[in-house]
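In what follows, chains carry the letters A, B, and so on, assigned in the order in which the sequence lines appear, proteins first and then strands, with residues in each chain numbered from 1.
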Number of protein chains: 2
Amino acid sequence: MTELEKGPTGRRRGRGARERILSASQQLFREQGINRTGMDQLCAAAEVSKRTAYQHFTSKDELVAEYLRRFDPTVLSDVFDRTDLTPRERLLAAFDIPPTTPLCPYIGAAVELHDPEHPASRYARDYKKAVAARLADTAREAGAADPEQLGEQLALLIDGAAARTRVLNADAFPTAAAIAAVLIDNAIPATASDDRRREEASS
Amino acid sequence: MTELEKGPTGRRRGRGARERILSASQQLFREQGINRTGMDQLCAAAEVSKRTAYQHFTSKDELVAEYLRRFDPTVLSDVFDRTDLTPRERLLAAFDIPPTTPLCPYIGAAVELHDPEHPASRYARDYKKAVAARLADTAREAGAADPEQLGEQLALLIDGAAARTRVLNADAFPTAAAIAAVLIDNAIPATASDDRRREEASS
DNA sequence: TGTTAAGTACACCGCCCTGTGTGCTTAAGG
DNA sequence: CCTTAAGCACACAGGGCGGTGTACTTAACA
């Protein structure tokens, strides 16, 4: 997309460069953090010359911002678009994704960049709000009394589990899931508990 | 304390150097983060020559470790040693301390250092475990059914509030406190709310 | 064929940062 | 007095990192 194939007649030889850079970013920034990953190392991992990298991204900051923007569609749809689960099960499934994520990249970026006005920090906020909103939507679908509040609470649990997993070096998501179960049961009037009754239940 | 006044006869002229360095660390590391705070700036803020700083701490890593070790007594006793509160109130009071803390320094350090084996990362783990343990003790005192579990859950809420406050740039502790109230009410058998229960009136 | 976009290889600059080397000053003893 | 510890001022090495300049190569066109 973007400017890569918008040449006068449609060249497409170097189609993969930008993708490879972003792909290497996802791996290295997660494994080592943003600040500890130099552009030299990143370009080597992406098998791209440094010169090319700086023709696709004007600065490392811009690359970091793009790196974060990439998660939006991916992570969100993984859990929330599953139609084989009831709304209640979908809410709980959000706590079953830690294996791939050593730490939520958004928390890491916000801490490492340390500037709330950095473009990447803005993306992080947007993403966190989007997650809370989708949780709230699902909570509403599940018939929660106060969906916004439940969504915000569940989002906080996810972030708590991520942070605690990082600091303690031990999986904290089971604890978060246990709390989530309590909150969900408290917030959803005994009407539509679960048992796969995913018809009706709207409004 | 330590090696400063253990000279052959007991000199004490430079008593404040080490303290000033650590004090400046607490301020700067919190405000700017660890990696973004250079030793030059830190020494200037502490009004100490760089040479002196490196005679008290062999490396910046060691200074960071000491900086984190300093919080243990302070933060823990602030909330838990209050005898004017019931155990249940003490558990909730742990969510009333965000004004001074832009972000839990332990989470920040764990993310910035990015090495679980770094001495400072070990202190961070120790501290987090200590907090959970003190919460569990208080939960036991309050008559909770499973104090360890409740302590771990409340600790997760605190970390979640801290992380979310950082990323969203908005205070998330009220949300955490609301969840805490639910968990506490669920975990403590209605019989013994406290010796001093003004009313029940939860929910 | 020539043109043009895309990419490569590699050296290089400037900046900042951790950490040291050196010589000088100050005060507390004896 | 002299000794000794603590500290200061300042320069500087060494390295990493972000970012650039330059010259060369490759492939898709027309």
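Inter-axis angle, ends of the helix from C/dT1-D/dA30 to C/dG30-D/dC1, five pairs per end, rounded to 10 degrees: 10°.
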### Task
Would you check, one step at a time, whether the test salt bridge (Lys or Arg N to Asp or Glu O under 4.0 Å) holds for B/Asp126 with B/Lys129?
CA-CA 5 Å; B/Asp126 293 344; B/Lys129 287 179 185 168; 5.3 Å; no
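For A/Glu66, the side-chain hydrogen bond (donor to acceptor under 3.5 Å, both in side chains) partners are A/Arg69, not counting sequence neighbours. For A/Gln153, the side-chain hydrogen bond (donor to acceptor under 3.5 Å, both in side chains) criterion is met by no residue, not counting sequence neighbours. Residues passing the side-chain hydrogen bond (donor to acceptor under 3.5 Å, both in side chains) test with A/Ser23: none are found, sequence neighbours excluded.
Within the structure, the ring pair (Phe, Tyr, Trp, His ring centres under 6.0 Å) test picks out the following pairs touching residues 27-52 of chain B (sequence neighbours left out): B/Phe29-B/Tyr67.
For A/Gln55 and D/dT22, the CD to C1' distance is 12 Å, given to the nearest whole Å.
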### Query
Which letter, B, S or -, goes with each nucleotide of nucleotides 9-19 of chain D from 5' to 3', with contact meaning a protein heavy atom under 4.0 Å?
B--------SB
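A side-chain contact (heavy atoms from CB on, under 4.5 Å) with B/Phe80 holds for exactly one of B/Leu85, B/Asp137, B/Leu135; it is B/Leu135.
Using a 4.5 Å cut-off on side-chain heavy atoms (C-beta onward), B/Leu63 and B/Ile21 make contact.
Shown here is B/Glu47, whose CD atom has no more than 12 heavy atoms of other residues, nucleotides or ligands within 6.0 Å.
Taking 4.0 angstrom as the limit, B/His56 places a side-chain polar atom (N or O) nearer than this to OP1 or OP2 of D/dG7.
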